[in-house]
Amino acid sequence: MRFVEVSFPKLGLGPWQFDGVAFSLFGVDVAWYGLLITMGMVLAFFFGLWQAKKVGIKTDDVIDLAILTVLFSITGARLMYVLFPPEGVGFLATNGTLWENIKQTFVNVISIREGGLSIIGGVFGGFMAGLVISKWKKIRFPMLLDILSPCVMIGQIIGRWGNFINGEAFGSVTGLPWGMKLNVVTEYEGLGIIKSPIERGFDVNDLFHPTFFYESMWNLLGFVLIMIFHKKKKFHGQIFAFYLIWYGAGRAFIESLRTDSMLLFGLKFNQMIGILLVLIGIIIMVLGHLKTNRNIDVMSMIGKKVRKMFPQRNKDTVKVQRKSKKAVLREKVKGMSESGAEQDGEE
């Protein structure tokens with residue numbers, strides 16, 4: 001069991017103590033982290049249902065999407081965490097025989113109750129669920145992504161507070177007024193997935209960036225902006241593109257403050273993913289605007305300039321273009337006939 005004490009000394013807030021367990025049901029402990037994620041999923045479902053009705057998507061289709069999204073998101077979140085774990089975290093068992101190690105490694109991988117989910121992996125899982133549903137239900141994929149994006153944000157806004165209760169996902173040492181003091185009284189047994197600040201070499205009195213709070217508030221602001229501007233979107237997929245840019249930029253910056261990031265080629269993996277999401281979002285946004293405004297681009301930016309530079313040639317070209325292919329072909333045949341007649345007369 002993990003006991004955590006959290007406070008914000010400079011703000012005069014706390015300390016609060018958590019043991020990670022919200023309540024017990026039939027002898028099974030229900031963790032705060034899982035409870036908050038479930039709350040986020042439920043709220044996201046009802047919000048998505050409300051949004052889907054506006055564009056004529058059936059309730060049954062939304063329920064199918066919700067079920068598939070939960071399954072794919074949890075799988076993706078766990079898989080990403082296992083493949084790219086934080087520093088000091090491992091799932092590979094090595095202390096037994098070959099068969100025992102394989103068995104224990106598999107148990108470690110699927111032991112979600114021990115902790116360990118990646119939000120970015122969950123986002124990818126939700127994306128794949130949307131793709132499957134769009135093909136199955138014949139729903140336009142970009143339109144479906146526009147509905148899913150704010151739903152994912154709701155889950156992220158609420159789910160990040162599970163990190164607060166678990167005393168994890170904190171940032172580097174800071175002297176800012178909202179610096180968070182964190183004392184982990186007891187560590188998880190078994191996998192040892194989450195290391196306390198002291199185990200990472202920090203002093204017991206150090207104050208840390210509350211990065212969980214930064215990301216939760218960043219997503220809340222993004223959600224508000226989506227709700228304000230979603231009616232003004234120019235093309236399907238624009239809300240999704242905005243989400244990628246907004247979340248990716250925020251995650252890339254916040255990840256730079258984290259102390260438990262997994263490194264790849266000397267760079268923080270999740271920070272690279274955040275930057276990649278921003279680039280993908282920008283590409284989608286640019287292509288969407290070009291597609292929406294293609295007639296304006298061609299006529300105003302190209303056509304007018306050409307007509308000004310070559311007014312006479314342009315008129316002649318337009319006249320030729322207005323002729324049908326058959327008319328052009330008849331003129332060519334007639335010209336060939338007249339040329340042949342002249343040659344016969346000369347002979």
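Reckoned from all heavy atoms, side chains included, excluding hydrogens, waters and symmetry mates.
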>> Working to the nearest 0.5 angstrom, can you tell me the gap between Asn183 CG and Asp206 CG?
In response: 10.0 Å
>> Side-chain heavy atoms nearer than 4.5 Å, only ILVMFWY residues, links allowed to pass through others: does that put Ile280 and Ile282 together?
In response: yes
>> I'd like to check Ile239 versus Tyr243 (side-chain heavy atoms, cut-off strictly below 4.5 Å). Are they in contact?
In response: no
>> Would you say the ring centers of His289 and Phe235 fall short of 6.0 Å from each other?
In response: yes
>> Please check this pair: side chain of Asp146 against backbone of His236, looking for a donor-acceptor N/O pair closer than 3.5 Å.
In response: no
> Do the non-hydrogen side-chain atoms of Asn270 and Lys268 ever get within less than 4.5 Å of each other?
Replying inline: no
> Is there a donor-acceptor pair under 3.5 Å between the side chain of Asp61 and the backbone N or O of Ile57?
Replying inline: no
> Counting only N and O atoms by type, is there a donor-acceptor contact under 3.5 Å from the side chain of Glu5 to the main-chain atoms of Gln17?
Replying inline: no
>> Would a single hydrophobic cluster contain both Leu225 and Leu148, if residues Ile, Leu, Val, Met, Phe, Trp and Tyr are joined by side-chain heavy-atom contacts under 4.5 Å?
In response: yes
> What are the two closest heavy atoms between Gly171 and Thr211, and how far apart are they?
Replying inline: N-OG1, 3.5 Å
> Are Lys53 and Trp50 in a cation-pi contact, defined as NZ or CZ under 6.0 Å from the six-membered ring centre and within 45° of the axis?
Replying inline: no
> Can you name the closest pair of heavy atoms from Ala252 and Gln271 and give their distance?
Replying inline: O-NE2, 3.0 Å
> Same cluster for Leu220 and Leu43 if Ile/Leu/Val/Met/Phe/Trp/Tyr side chains link at under 4.5 Å?
Replying inline: yes
> Given the rule in the side chain to side chain contact (heavy atoms under 4.5 Å, CB included) test, do Leu65 and Leu144 qualify, once you have shown the distances and angles that lead to the verdict?
Replying inline: CA-CA 10 Å; Leu65 174 63; Leu144 204 57; 4.0 Å; yes
> Yes or no on side chain to side chain contact (heavy atoms under 4.5 Å, CB included) for Val55 and Ile147, after CA distance, side-chain angles and deciding distance?
Replying inline: CA-CA 10 Å; Val55 294; Ile147 295 174; 3.8 Å; yes
> Which is it for Phe23 and Leu35 under the side chain to side chain contact (heavy atoms under 4.5 Å, CB included) test, yes or no, and what are the steps along the way?
Replying inline: CA-CA 10 Å; Phe23 58 88; Leu35 182 63; 4.1 Å; yes
> If you measure from CG on Asn219 to OH on Tyr214, what distance do you get to the nearest 0.5 Å?
Replying inline: 15.0 Å
>> Counting C-beta onward and ignoring hydrogens, is there a side-chain heavy-atom pair between Lys181 and Phe8 closer than 4.5 Å?
In response: no
> Looking only at atom types and distance, does a side-chain atom of Asn166 sit under 3.5 Å from a main-chain N or O of Glu168, one as donor and one as acceptor?
Replying inline: no
>> Between Ser118 (side chain only) and Met80 (backbone N and O only), is there a donor and an acceptor less than 3.5 Å apart?
In response: no
> Can you check whether Phe47's main-chain N or O pairs, donor with acceptor, with Gln51's side chain at less than 3.5 Å?
Replying inline: no
>> On a heavy-atom basis, which atom in Gly167 and which in Leu182 lie closest, and how many Å separate them?
In response: O-CD2, 3.3 Å
> Going only through I, L, V, M, F, W and Y residues with side-chain contacts under 4.5 Å, is there a path from Phe45 to Val42?
Replying inline: yes
> Could you give the distance from CD1 (Ile245) to CZ (Phe240), rounded to the nearest 0.5 Å?
Replying inline: 10.5 Å
> Between Met272 and Leu276, is a side chain to side chain contact (heavy atoms under 4.5 Å, CB included) present by the stated rule, with each step listed?
Replying inline: CA-CA 6 Å; Met272 291 190 292; Leu276 179 62; over 6 Å; no
> Taking the side chain as C-beta and beyond, is there a heavy-atom pair between Ser216 and Gln156 under 4.5 Å?
Replying inline: no
> Given the rule that I, L, V, M, F, W and Y join up when any side-chain heavy atoms are under 4.5 Å apart, are Ile275 and Ile119 in one cluster?
Replying inline: no
>> Looking at Met180, is its backbone amide N or carbonyl O close enough to the side chain of Lys10 to form a donor-acceptor pair, meaning the two atoms are under 3.5 Å apart?
In response: no
> Can you tell me how far the CD1 atom of Ile133 sits from the CD1 atom of Ile67, to the nearest 0.5 Å?
Replying inline: 9.0 Å
>> Any non-hydrogen side-chain atom of Val173 less than 4.5 Å from a side-chain atom of Leu207?
In response: no
>> Between Phe208 and Phe202, is the ring-ring contact (aromatic ring centres under 6.0 Å, His included) condition met? List the steps.
In response: CA-CA 10 Å; Phe208 305 97; Phe202 295 106; 5.1 Å; yes
> Among Tyr33, Trp32, Phe18, Phe170, whose ring-ring contact (aromatic ring centres under 6.0 Å, His included) with Phe164 holds?
Replying inline: Phe18
> Can you tell me if Ser73 uses its side chain to pair, donor with acceptor, with the backbone of Val70 under 3.5 Å?
Replying inline: no
>> Just so I know, are the side chains of Phe72 and Phe127 near enough to count as touching, which here means a heavy-atom distance under 4.5 Å?
In response: no
> Does any non-hydrogen side-chain atom of His209 lie less than 4.5 Å from one of Ile254?
Replying inline: no
>> Minimum heavy-atom separation for Leu277 and Leu244, please, with both atom names.
In response: O-CB, 3.5 Å
>> Closer than 3.5 angstrom, by distance alone: can the side chain of Trp246 be matched with the main-chain N or O of Trp218 as a donor-acceptor pair?
In response: yes
> Does any N or O in the side chain of Ser149 come within less than 3.5 Å of the main-chain N or O of Leu145, such that one atom is a donor and the other an acceptor?
Replying inline: yes
> Going by distance alone, is a donor N or O of one side chain under 3.5 Å from an acceptor N or O of the other, for Ser7 and Trp16?
Replying inline: no
